[in-house]
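In what follows, a single structure is set out as structure tokens and then discussed.
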Amino acid sequence: MPSSSPHTIRLRGPWKLTALEIADAQPITGRIDQPSDQFLADYQGPILYVRHFNRPTGLGPAERVELAIIACVGTAHVSLNETPLANLTAQQAPVRIDITDQLQLSNQLAIEIIPPALPSPAGITGEVQLEIHSG
């Protein structure tokens with residue numbers, strides 16, 4: 001990738017969050033504004049973050065779009081439009097995944113976070129963003 005700074009689109013909200021070990025859990029809507037935001041402060045288990053976004057407009061043929069996950073607590077299973085992209089641990093963050101070829105006009109990003117040990121909190125603790133790189 002070129003050394004110039006990418007154009008960044010932060011995916012702060014709205015996110016739908018679901019506590020995966022609570023029977024019949026209904027998604028709640030939250031906004032990730034700062035690292036370490038706590039939506040389910042008393043919940044200590046796996047959590048699913050889902051965010052919809054549109055394909056960035058005006059992409060040229062030489063431009064690449066990367067999904068960047070800056071920090072998380074636990075193991076993250078990342079998928080875009082129901083296609084698995086990556087599994088990563090907190091030690092691997094920050095991570096960047098080229099999603100240019102997977103982008104559709106409308107997209108669904110899902111990040112399931114599994115705590116490092118139960119019971120333990122888990123979640124996204126840093127920015128999640130799209131980075132557009134010029135070729």
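Worth knowing before you read on, the calculation uses all heavy atoms, side chains too, and leaves out hydrogens, waters and symmetry mates. These numbers were taken from a predicted model, which means no experiment stands behind them.
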What I'd like to find out is whether the side chain of [X] reaches to under 4.5 Å of the side chain of [Y], using heavy atoms alone.
X    : Y    : result
L17  : I47  : yes
L109 : L67  : yes
I9   : P56  : yes
L130 : L11  : yes
R12  : E127 : yes
I114 : H77  : yes
F53  : L80  : yes
L48  : I111 : no

Would T75 and L88 count as a side-chain contact (heavy atoms from CB on, under 4.5 Å) here? Give the steps. CA-CA 6 Å; T75 300; L88 61 114; over 6 Å; no
For [X] and [Y], work out which heavy atoms get closest and say how close.
X    : Y    : answer
S106 : N81  : O-OD1, 3.9 Å
P115 : P46  : CD-N, 3.6 Å
E63  : G58  : OE1-O, 3.5 Å
P14  : R51  : O-CD, 3.0 Å
G74  : P116 : CA-CD, 3.8 Å

With clusters defined by side-chain heavy atoms of hydrophobic residues (ILVMFWY) lying less than 4.5 Å apart, directly or transitively, does I124 cluster with I70? no
Flag yes if V128 and V73 sit in one hydrophobic cluster, no otherwise; membership is Ile, Leu, Val, Met, Phe, Trp, Tyr, and two members link when side-chain heavy atoms are under 4.5 Å apart. no
E131 bridged to R64 by N-O distance under 4.0 Å: no
Apply side-chain contact (heavy atoms from CB on, under 4.5 Å) to the pair C72 and I113, showing each step before the final yes or no. CA-CA 8 Å; C72 69; I113 306 282; 4.1 Å; yes
In Å, rounded to the nearest 0.5 Å, how long is the span from CD1 of I99 to CZ of R55? 9.5 Å
Separation between CD (Q108) and OG (S79), nearest 0.5 Å, reads 7.0 Å
Can a donor-acceptor pair be found, under 3.5 Å and without considering hydrogens, that links the side chain of N107 to the backbone of N54? no
side-chain contact (heavy atoms from CB on, under 4.5 Å) for I97 and E66? Distances and angles first, verdict last. CA-CA 5 Å; I97 305 162; E66 291 183 339; over 6 Å; no
Indicate whether the side chain of T100 and that of D98 have a donor and an acceptor atom separated by less than 3.5 Å. yes
